[in-house]
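This chain uses plain numbering: 1 for the first residue, then up along the sequence.
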Amino acid sequence: MDDMDANILIFNADTEGRVKLTDEEKETFVSEGLPIPNRIPLTKLSAQESRRKKKEVEACNSENSILQQKVDSLETTVSHLKKEALDREKNFTAERQKAFRDNAKPYMERFNGLRIKSRD
């Protein structure tokens, strides 16, 4: 393989060898002050730019993976906290109902002992 072959990078191209770049790829070439390639093979600079972009994408993918793990963890925590709050609310309600019954019991016993006169 000669030096020229080592600098070739394959991009999408039509049957006539014209390169099909995305708008983002074109913007990258312009922002780097490089000519936009229109035919294959591409230059060594194009290959270097492609490798740089690939590293950027890999770094973003890695960061996205880490952030997704954090989101998953937070969602699990929220779910557990919601369940805990619901359980506490149920226990609180049950305790209040029991306290009401316990406090009302002497009055209910007296009430049940009274005879209600009918209005005949």
J.: Name the one of Arg96, Glu95, Gln97, Lys90 that satisfies side-chain contact (heavy atoms from CB on, under 4.5 Å) with Thr93?
T.: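 Of Arg96, Glu95, Gln97, Lys90, side-chain contact (heavy atoms from CB on, under 4.5 Å) with Thr93 is met by Gln97 alone.
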J.: Please name all residues satisfying side chain to side chain donor-acceptor pair (under 3.5 Å) with Lys98, sequence neighbours left out, ordered by chain then number.
T.: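 Here the qualifying residues are Asp102.
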J.: For Glu63, check side chain to side chain contact (heavy atoms under 4.5 Å, CB included) against everything at least two apart and list the hits.
T.: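 Glu63: side chain to side chain contact (heavy atoms under 4.5 Å, CB included) contacts with Leu67.
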J.: State the CG-CD1 distance between Asn61 and Ile66, to the nearest 0.5 angstrom.
T.: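 If we round to the nearest 0.5 Å, Asn61:CG and Ile66:CD1 are 11.5 Å apart.
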J.: Just to verify, what does Glu24 make a salt bridge (charged side-chain N to carboxylate O under 4.0 Å, His left out) with, not counting sequence neighbours?
T.: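 If we apply the salt bridge (charged side-chain N to carboxylate O under 4.0 Å, His left out) test to Glu24, skipping adjacent residues, the hits are Lys53.
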J.: Taking salt bridge (charged side-chain N to carboxylate O under 4.0 Å, His left out) as the definition, give me every residue that meets it alongside Asp23, ordered by chain and number, with sequence neighbours left out.
T.: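 By the salt bridge (charged side-chain N to carboxylate O under 4.0 Å, His left out) rule, Asp23 matches no residue at all.
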J.: Of all residues at least two apart in sequence or in a different chain, which pass the salt bridge (charged side-chain N to carboxylate O under 4.0 Å, His left out) check with Glu56?
T.: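 For Glu56 the salt bridge (charged side-chain N to carboxylate O under 4.0 Å, His left out) partners, ignoring immediate neighbours, are Arg52.
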J.: Give every donor-acceptor pair under 3.5 Å between a side-chain atom in residues 74-85 and any protein atom, sequence neighbours left out.
T.:
unit_1 : atom_1 : unit_2 : atom_2 : d
Thr76  : OG1    : Asp72  : O      : 3.0
Thr77  : OG1    : Ser73  : O      : 3.0
His80  : ND1    : Thr76  : O      : 3.4
Lys83  : NZ     : Asp87  : OD2    : 3.0
Glu84  : OE2    : Arg88  : NE     : 3.4
Glu84  : OE2    : Arg88  : NH2    : 2.9

J.: Mind checking what makes side chain to side chain contact (heavy atoms under 4.5 Å, CB included) contact with Ser31, not counting sequence neighbours?
T.: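 Residues passing side chain to side chain contact (heavy atoms under 4.5 Å, CB included) with Ser31: none at all.
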